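Note that the coordinates shown come from a computational prediction; the quantities given were computed from them, not determined experimentally. All values below were derived from every heavy atom in this structure, side-chain atoms included, with hydrogens, water molecules and symmetry-related copies excluded.
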Amino acid sequence: MIAIVVCAVLAVYAGLRVVTERNTMKKLPFVNVISFGVAGVIALLLPHPLTILAAAAYFVGSTLESNAIASTWAGGMRRDD
Amino acid sequence: MIDTVMIACVALILIGMAATIAARDPFDKLISLSVMIAGVFPFIADRGYLDVAIAVALVAPISTIFILMACRRETA
Amino acid sequence: MISTPEFIAGMILLVAGSVSVAYARPKNYVTRLINLEIPAWGLLLVMLHFNESLALFTFAAISVLSTYIFVRTIQKREGA
């Protein structure tokens, strides 16, 4: 009961920090905080054994998305053609 | 769902939506869109559609990667 | 019955996202393409309110495909 509320409030606080941050690169750690919090909310929401798999799938997807944004912003894997 | 968690998820959706519309840089818009998508997933998991949640969570980053292909071509 | 939070949040996302696509502020293709993701998730929430499980699966798959087609169209338009 108290754990899921802590996860949700932490996610909202990190969301507010993402919106009020000016630098683009400094937004990405707070996106990671949102990912942790929402994965905790998904895992604690239902008493079902498949929720931990759903939380793991969301965490993998969110991490992949953040890494793709950061890699493109830094100009990674540039092919000189 | 507990009311506090529900209000937090709705707030996360609305914060992400407002920031996505208000931002000017494409990367800021994509990060804010990630905040909005994070608020949608607890509603899917709360209805009990865990298979739908797994499928959408694995398919949604591919959409972002396709948009990043267009972003890099424009800024370069 | 109609006042579940999924339905209200989905309708807000649909209306605000559609207006933001129609009147995009930096008036270029990438802004419209990113804003087009907002009504897609709003429609997903409205489908969730009506318990349409198969519609959720199909829409999530087809949304990615249409995004890929839009990106290829934009690249072909700007490369020419």
Side-chain angles (χ1 to χ4, degrees), chain A residues 1-2 4-16 18-25 27-28 30-32 34-35 37-46 48-73 75-78, chain B residues 1-16 18-20 22-23 25-69 71-72 75-76:
Chain A
M1 172 64 192
I2 191 67
I4 185 169
V5 173
V6 168
C7 284
V9 172
L10 196 66
V12 172
Y13 173 67
L16 287 174
V18 167
V19 171
T20 56
E21 183 68 47
R22 305 297 296 171
N23 192 0
T24 302
M25 264 307 160
K27 290 185 178 193
L28 287 170
F30 295 109
V31 176
N32 247 333
I34 293 173
S35 175
V38 173
V41 168
I42 291 172
L44 292 172
L45 206 53
L46 290 181
H48 191 275
L50 206 57
T51 52
I52 186 66
L53 201 62
Y58 170 71
F59 194 73
V60 168
S62 175
T63 307
L64 188 66
E65 188 175 355
S66 298
N67 276 322
I69 291 172
S71 172
T72 309
W73 197 86
M77 290 186 68
R78 183 183 300 277
Chain B
M1 200 191 299
I2 307 169
D3 284 337
T4 309
V5 179
M6 190 192 73
I7 291 170
C9 291
V10 172
L12 212 57
I13 290 175
L14 293 182
I15 287 169
T20 307
D25 188 41
F27 292 99
D28 287 344
K29 289 174 91 72
L30 281 175
I31 290 171
S32 304
L33 195 70
S34 172
V35 175
M36 194 195 78
I37 292 172
V40 175
F41 275 99
F43 288 111
I44 302 177
D46 183 51
R47 285 298 180 103
Y49 295 143
L50 294 173
D51 47 355
V52 177
I54 293 171
V56 174
L58 291 180
V59 158
I62 302 175
S63 174
T64 303
I65 291 172
F66 283 151
I67 294 174
L68 281 171
M69 285 166 53
C71 283
R72 182 173 52 188
T75 56

Mind checking whether Y58(A) and F41(B) have parallel, tilted or perpendicular rings, split at 30° and 60°?
tilted
Taking the side chain as every heavy atom from C-beta outward, state whether I31(B) and V18(A) have any atom pair closer than 4.5 Å.
yes
Distance in Å, I4(A) CD1 paired with I2(B) CD1, rounded so as to fall on 0.5 Å steps:
5.0 Å
Check each atom of I34(A) against the heavy atoms of chain B and say whether the ones under 4.5 Å are side chain, backbone, both or neither.
side chain
For the atom pair CG (D28(B)) and CH2 (W73(A)), what is the distance rounded to the nearest 0.5 Å?
9.5 Å
Note: A45(B) and I42(A) closest approach over all heavy atoms is CB-CG2, 4.0 Å
Heavy-atom pairs under 4.5 Å with chain A: which of S34(B), A19(B), A53(B) has the most?
S34(B)
If we define contacts as heavy-atom pairs under 4.5 Å, which of G37(A), A56(A), A39(A), A8(A) has the most with chain B?
A8(A)
For chain A, which candidate among A38(B), A11(B), A22(B) shows the most heavy-atom pairs at distances under 4.5 Å?
A38(B)
Please classify the contact of T64(B) with chain A as side chain, backbone, both or neither, using a heavy-atom distance under 4.5 Å.
side chain
Quick check for you: to the nearest 0.5 Å, what is the distance between I44(B) atom CD1 and L45(A) atom CG?
12.0 Å
Side chain, backbone, both or neither: which part of L50(A) has a non-hydrogen atom closer than 4.5 Å to chain B?
both
Check: V19(A) and S32(B) side chains under 4.5 Å, non-hydrogen atoms:
no
Which heavy atom in G48(B) sits nearest to a heavy atom in L46(A), and how many Å separate them?
CA-CD1, 4.0 Å
Below 4.5 Å, heavy-atom pairs only: which of S35(A), G61(A), G15(A), S66(A) has the largest tally toward chain B?
G61(A)
Hey, what do you get for OG1 (T72(A)) to CD1 (I67(B)), rounding to the nearest 0.5 Å?
12.0 Å
Considering all heavy atoms, the nearest L64(A)-P61(B) contact
CD2-CB, 4.4 Å
With a 4.5 Å cut-off on heavy-atom pairs, point out which of T4(B), L12(B), I54(B) contacts chain A the most.
I54(B)
As an exercise, state the distance from CG of D46(B) to OG1 of T51(A), rounded to the nearest 0.5 Å.
12.0 Å
With only heavy atoms counted, which part of I69(A) is less than 4.5 Å from chain B, the side chain, the backbone, both or neither?
both
